Amino acid sequence: MDRRRIVMGNWKMNKTPGEAVELVSQLKDGINTDKLDVVVCVPFVSLADVGRLIKDTNIKLGAQNMHFETSGAYTGEISGLMLKELGVEYVIIGHSERRQYFNETDQTVNKKIHKALEYGINPIMCCGETLVQREAGVTMEKIRMQVKRGLQGLTPRQATKIVVAYEPIWAIGTGRHATANQAERVCAGIRCVLSEIFDEPTAAKMRIVYGGSVTGNSAKTLFDMDNIDGGLVGGASLKADFENIVNC
Ligand code: PGA
């Protein structure tokens, strides 16, 4: 199956707008985007500047969150409509840090995904188990629940716009990535769940990526696996190493 590979940088709460422009300017010259999609998910305040900078390139603009309503009395929130106007093409939904610190649930994730699709923005839906869950042998149970609830009510056609990011919580920001075999096993499991929810051809079209301490050293073995179509990269996306990850 010919799935176009995708590598996404998740900057989290890092870089001021000035620093963001500097980093993306360097990145623009260093990477080759002919064979894959490259997305930079920058903080809200840098979206406009970075968007202008990458306008004539193949690098795509991503946000790290959005609200599930279009507008209204939600102090401090940002809507999909606002993101759309800035040229945002991808949005991370349900990152484990948002689930942990900002009370995101599978229900809000599901609402946000529906809303993003309404605006033609591709959702990057995150899922992943804790170390305790992995050690208890319930990794796939956890993932299955997150994926099924998160993607509830979507048509197969809508589903093909989604990128599912498998990010084991124990691997995020720890310097300890999952082995290629561990990651492949779960990503293959996710594809089975997707074919149960939708159908096999749809599942075969959907992109599933791995995230959690990906670096230039580990990227190639991970991305070479059959069911891993790229990566969601945190820490290493803030450094020149991101170029190695993309170019590998
Ligand atoms: P990390 O973060 O690459 O720094 O582990 C990945 C993520 O949280 O998306």
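When a ligand or atom number is given, it counts from 1 through the structure's own listing order. For this chain, numbers begin at 1 and follow the sequence in order. Treat the numbers as computed from the prediction; the structure is a model and nothing was measured.
Here the side chain of S213 pairs a donor or acceptor atom with the backbone of G175 at under 3.5 angstrom.
Every side chain to side chain donor-acceptor pair (under 3.5 Å) that N65 has, sequence neighbours left out, goes to K112. Scored by the salt bridge (charged side-chain N to carboxylate O under 4.0 Å, His left out) test, K220 finds D224 as partners (sequence neighbours excluded).
Taking hydrophobic clusters as Ile, Leu, Val, Met, Phe, Trp and Tyr residues chained together by side-chain heavy-atom distances below 4.5 Å, Y210 does not share a cluster with I169.
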What does the N/O contact table under 3.5 Å look like for ligand 1?
{"residue": "ligand 1", "atom": "2 (O)", "partner": "K12", "partner atom": "NZ", "Å": "3.3"}
{"residue": "ligand 1", "atom": "3 (O)", "partner": "S213", "partner atom": "N", "Å": "3.4"}
{"residue": "ligand 1", "atom": "3 (O)", "partner": "G234", "partner atom": "N", "Å": "2.8"}
{"residue": "ligand 1", "atom": "4 (O)", "partner": "G235", "partner atom": "N", "Å": "2.8"}
{"residue": "ligand 1", "atom": "5 (O)", "partner": "G173", "partner atom": "N", "Å": "2.6"}
{"residue": "ligand 1", "atom": "5 (O)", "partner": "S213", "partner atom": "N", "Å": "2.7"}
{"residue": "ligand 1", "atom": "8 (O)", "partner": "K12", "partner atom": "NZ", "Å": "2.7"}
{"residue": "ligand 1", "atom": "8 (O)", "partner": "H95", "partner atom": "NE2", "Å": "2.7"}
{"residue": "ligand 1", "atom": "9 (O)", "partner": "N10", "partner atom": "ND2", "Å": "3.4"}
{"residue": "ligand 1", "atom": "9 (O)", "partner": "H95", "partner atom": "NE2", "Å": "3.3"}
{"residue": "ligand 1", "atom": "9 (O)", "partner": "E167", "partner atom": "OE1", "Å": "3.3"}
{"residue": "ligand 1", "atom": "9 (O)", "partner": "E167", "partner atom": "OE2", "Å": "2.7"}

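Sequence neighbours left out, the pairs with a member in residues 72-90 that pass side-chain hydrogen bond (donor to acceptor under 3.5 Å, both in side chains) are Y90-R207.
For the atom pair CG (N227) and CZ (R191), the distance works out to 4.5 Å, reported to the nearest 0.5 Å.
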